[in-house]
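Computed from heavy atoms alone, side chains included, the values below leave out hydrogens, waters and symmetry copies.
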Amino acid sequence: MLRKKLAVLLATAMVAAVAAGCGGADNTSAPAADAPATEDAAPAEDAAPAEDAAADDGEAAAPAASGDVITVGYAQVGHESDWRTANTQNYQDVFCEANGYELSLIDCDNDNAAQLEAVRNFITQQLDYIVIAPIETAGWDTVLQEAQDAGIPVIIADREIAADASMYDAWVGTNTKNEGITAGNWLAEYLDGKEAKILVIEGSVGASATLGRSEGFNEVAKEHSEWEILDSQSGDFTQDGGQEVMESFIKSYEGQFNVVVCHNDNEAYGAMDAMDAAGIKYGVDGDVIIISFDATHDGLQYTLDGKINCNVECNPIQAAVVAEVIQKMQNGEDYEATTLVNDEAFVAPGIESQHATTMTEEILAGRAY
């Protein structure tokens with residue numbers, strides 16, 4: 001049976017933590033998508049951790065003392081994954097009227113041209129701030145110059161772009177290359193010198209998360225002559241895409257692989273569906289090791305159940321950090337140009353690791369997204 005395509009939305013506890021007083025914000029948005037660092041735009045190693053940029057209690061920063069409503073445009077990737085749904089909800093909760101904001105959130109449905117147009121519309125509307133979760137890394141110079149000419153600060157969020165840092169004002173997100181390295185290091189530790197025949201279901205082509213996770217994992221793989229990456233194809237960060245790619249892999253490599261790396265949880269669900277249909281056993285008690293990224297609620301449930309061996313987090317709860325940057329800009333204060341949101345990695349019960357935390361019921365209970 002196909003697993004749920006959308007994870008549990010952010011629970012009341014998370015809403016209270018990041019957006020006290022917002023309630024169910026009704027913002028101008030459609031539903032809302034993920035992505036590793038390019039060499040041109042990789043976050044600095046000395047980037048400030050998110051804790052330094054966000055309020056200590058995790059709440060969104062209060063609006064500027066003037067009392068004026070701050071208008072923010074968010075060009076969201078889309079709504080292809082549980083991670084993206086959680087990220088969209090987080091922005092709606094934080095950038096709400098009760099917190100002094102008016103949010104224009106555009107779901108760009110993984111259409112790069114539509115995202116560029118959305119940003120241009122934000123510029124035309126003369127919004128106070130623009131936040132972009134870029135679908136693709138390239139092609140941003142012209143529209144960023146237009147925003148600069150209009151005097152509108154731009155914050156790049158979640159993913160990265162291949163543009164000079166002078167073209168935008170701040171970046172907030174996770175280090176996706178490090179996520180790939182973490183996955184690779186865990187696999188090396190787990191296999192302890194054993195052979196690996198690896199299939200990779202990548203994320204969307206051209207997305208920084210895809211590039212970063214691939215770069216990081218491949219960097220580790222090159223250090224292990226006993227590993228072989230048999231194939232790598234895009235599942236577009238979707239469950240249907242993951243299932244389709246895995247079905248193709250099974251036809252081409254049946255009996256030849258023992259590791260499947262999925263660039264997000266939704267792709268992992270699809271891969272599991274395909275392997276279930278083919279009678280292939282996976283997870284802690286199976287023949288195939290599954291590595292996933294995102295660590296959403298459902299993904300961690302499967303990790304707790306032993307279906308996913310290792311799940312590397314990409315934290316979608318980023319809006320409060322972005323709001324803190326905006327408030328510092330608004331007040332003329334110094335702000336961090338680059339802020340990393342901390343990630344963790346989790347492994348199924350019974351697996352001991354120096355690179356990841358063993359999954360428990362308590363951890364899952366605290367995971368609202």
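Put simply, the side chain of Trp186 reaches to within 4.5 Å of the side chain of Ile291, judged on heavy atoms. A heavy-atom distance below 4.5 Å is not found between the side chains of Asn266 and Thr296. Val72 has its side chain out of reach of Glu102: every pair of non-hydrogen atoms, C-beta onward, lies at least 4.5 Å apart. The shortest distance between side-chain heavy atoms of Thr360 and Pro349 does not fall below 4.5 Å. Here the side chains of Glu202 and Gln233 are not in contact, with every heavy-atom distance at 4.5 Å or above. At a threshold of 4.5 Å between non-hydrogen side-chain atoms, the residues Tyr74 and Asn87 count as touching. Inter-residue side-chain proximity for Ile181 and Phe217 is flagged as unmet; no heavy-atom pair is nearer than 4.5 Å. You'll find the side chain of Val288 reaches within 4.5 Å of the side chain of Phe257, heavy atoms only.
Distance alone, capped at 3.5 Å, places no donor-acceptor pair between the Gln327 side chain and the Ala323 backbone. Distance alone, capped at 3.5 Å, places no donor-acceptor pair between the Glu344 side chain and the Ala356 backbone. With hydrogens and angles ignored, the 3.5 Å screen pairs no side-chain donor or acceptor of Asn218 with any backbone N or O of Ala221. A donor-acceptor pair is defined here as one N or O able to donate and one able to accept, closer than 3.5 Å; no such pair exists between the side chain of Glu219 and the backbone of Gly180. For Gln148 (side chain) and Ser166 (main-chain N/O), a donor-acceptor pair under 3.5 Å exists by modelled atom type. A donor-acceptor pair under 3.5 Å is formed between the side chain of Ser252 and the backbone N or O of Ser248. Side-chain N or O atoms of Trp83 include one that pairs as donor or acceptor with a backbone N or O of Cys314 at under 3.5 Å. With Asn311 contributing its side chain and Ala295 its backbone, the two residues share a donor-acceptor pair below 3.5 Å. Listed for the Asp111 side chain is a donor-acceptor partner under 3.5 Å among the backbone atoms of Ala113. Listed for the Ser234 side chain is a donor-acceptor partner under 3.5 Å among the backbone atoms of Gly203.
Here the OG-OH distance, from Ser81 to Tyr269, works out to 9.5 Å after rounding to the nearest 0.5 Å. Within the model, atoms OG1 of Thr357 and CG of Leu300 stand 10.5 Å from one another, a figure rounded to the nearest 0.5 Å. Separation of atoms CG (Asp93) and CG (Asn99) is listed at 9.5 Å; rounding is to 0.5 Å. Here the straight-line distance linking atom CD1 of Ile130 with atom CD of Gln125 works out to 9.0 Å at 0.5 Å rounding. To the nearest 0.5 Å, atoms CG (Asp294) and CZ (Phe237) are separated by 7.5 Å. Gln239 CD to Met272 CE: the interatomic distance, rounded to the nearest 0.5 Å, is 8.5 Å.
We find that Lys194 and Glu226 are not joined by a salt bridge, their nearest charged nitrogen and carboxylate oxygen being 4.0 Å or further apart. Taking 4.0 Å as the cut-off between side-chain N and carboxylate O, Lys177 and Glu160 do not count as a salt-bridged pair.
A continuous path of hydrophobic side-chain contacts links Ile351 to Val312 [ILVMFWY only; heavy atoms under 4.5 Å]. Transitive grouping of hydrophobic side chains (ILVMFWY, heavy atoms separated by less than 4.5 Å) keeps Tyr190 and Ile308 in distinct clusters. Each of Phe293 and Ile135 belongs to its own hydrophobic cluster when Ile, Leu, Val, Met, Phe, Trp and Tyr are linked at side-chain heavy-atom distances under 4.5 angstrom. Residues Phe249 and Val260 are members of one and the same hydrophobic cluster, defined by side-chain heavy-atom contacts under 4.5 angstrom among Ile, Leu, Val, Met, Phe, Trp and Tyr. Hydrophobic clustering of Ile, Leu, Val, Met, Phe, Trp and Tyr side chains at less than 4.5 Å, counting indirect connections, unites Tyr101 with Val131.
Pairing each heavy atom of Lys307 with each of Ile290, the nearest pair is O-CD1, 3.8 Å. What you find for Thr358 and Ile363 is that their closest heavy atoms are O-CD1, 3.6 Å.
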- [ ] Evaluate side chain to side chain contact (heavy atoms under 4.5 Å, CB included) for Gln92 paired with Leu105, printing each intermediate quantity in order.
- [x] CA-CA 8 Å; Gln92 291 172 326; Leu105 192 153; 4.3 Å; yes
TODO: Under the ring-ring contact (aromatic ring centres under 6.0 Å, His included) rule, what do Tyr91 and Phe95 come out as? Steps first, then yes or no, please.
DONE: CA-CA 6 Å; Tyr91 272 84; Phe95 289 100; 5.7 Å; yes
- [ ] Mind running side chain to side chain contact (heavy atoms under 4.5 Å, CB included) on Asp265 and Tyr302 for me, showing each step along the way?
- [x] CA-CA 10 Å; Asp265 285 340; Tyr302 286 119; over 6 Å; no
TODO: Walk me through it: do Glu362 and Arg367 pass the test salt bridge (charged side-chain N to carboxylate O under 4.0 Å, His left out)?
DONE: CA-CA 9 Å; Glu362 291 73 22; Arg367 186 58 56 114; over 6 Å; no
TODO: Show your reasoning for whether side-chain hydrogen bond (donor to acceptor under 3.5 Å, both in side chains) applies to Tyr369 and Asn90.
DONE: CA-CA 10 Å; Tyr369 54 87; Asn90 183 223; over 6 Å; no
Open item on the list: Checking Tyr129 against Gln330 for the side-chain hydrogen bond (donor to acceptor under 3.5 Å, both in side chains) test, could you report, in this order, the C-alpha distance in whole Å, the side-chain angles of both residues, the deciding distance, and whether it holds?
Closed with: CA-CA 10 Å; Tyr129 298 90; Gln330 190 79 0; 2.5 Å; yes
Task: side chain to side chain contact (heavy atoms under 4.5 Å, CB included) evaluation trace for Trp227 with Leu187 - done: CA-CA 10 Å; Trp227 293 11; Leu187 183 62; 3.8 Å; yes
TODO: Go through the steps to decide whether Thr303 and Val347 satisfy the test side chain to side chain contact (heavy atoms under 4.5 Å, CB included), and finish with yes or no.
DONE: CA-CA 6 Å; Thr303 307; Val347 290; 5.6 Å; no
Task: Intermediate values then yes/no, side-chain hydrogen bond (donor to acceptor under 3.5 Å, both in side chains), Gln243 and Glu247 - done: CA-CA 6 Å; Gln243 182 173 355; Glu247 287 172 346; 3.2 Å; yes
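Atom CD of Glu254 sits in a sparse spot, with 12 or fewer heavy atoms from other residues, nucleotides or ligands closer than 6.0 Å.
Checked by atom type, the side-chain pair Asp149/Gln145 shows a donor-acceptor distance below 3.5 Å. Judged by distance alone, the side chains of Asn185 and His355 never bring a donor and an acceptor atom under 3.5 Å apart. Counted by atom type alone, Thr238 and Glu80 present zero donor-acceptor pairs between their side chains at under 3.5 Å. Asp231 and Tyr253 share a side-chain donor-acceptor pair at under 3.5 Å.
Considering only residues two or more places apart in sequence or on other chains, Asp109 meets the side chain to side chain donor-acceptor pair (under 3.5 Å) condition with none of them. Contacts of Asp169 classified as side chain to side chain contact (heavy atoms under 4.5 Å, CB included), with partners at least two apart in sequence or in another chain: Pro153, Val154, Met329, Tyr335. Lys197 is linked by a side chain to side chain contact (heavy atoms under 4.5 Å, CB included) to Glu195, Glu228, Leu230, Asn258, counting only residues two or more places apart in sequence or in another chain.
Put simply, the residue from Asp158, Ile317, Asn315 that forms a side chain to side chain contact (heavy atoms under 4.5 Å, CB included) with Val341 is Asn315.
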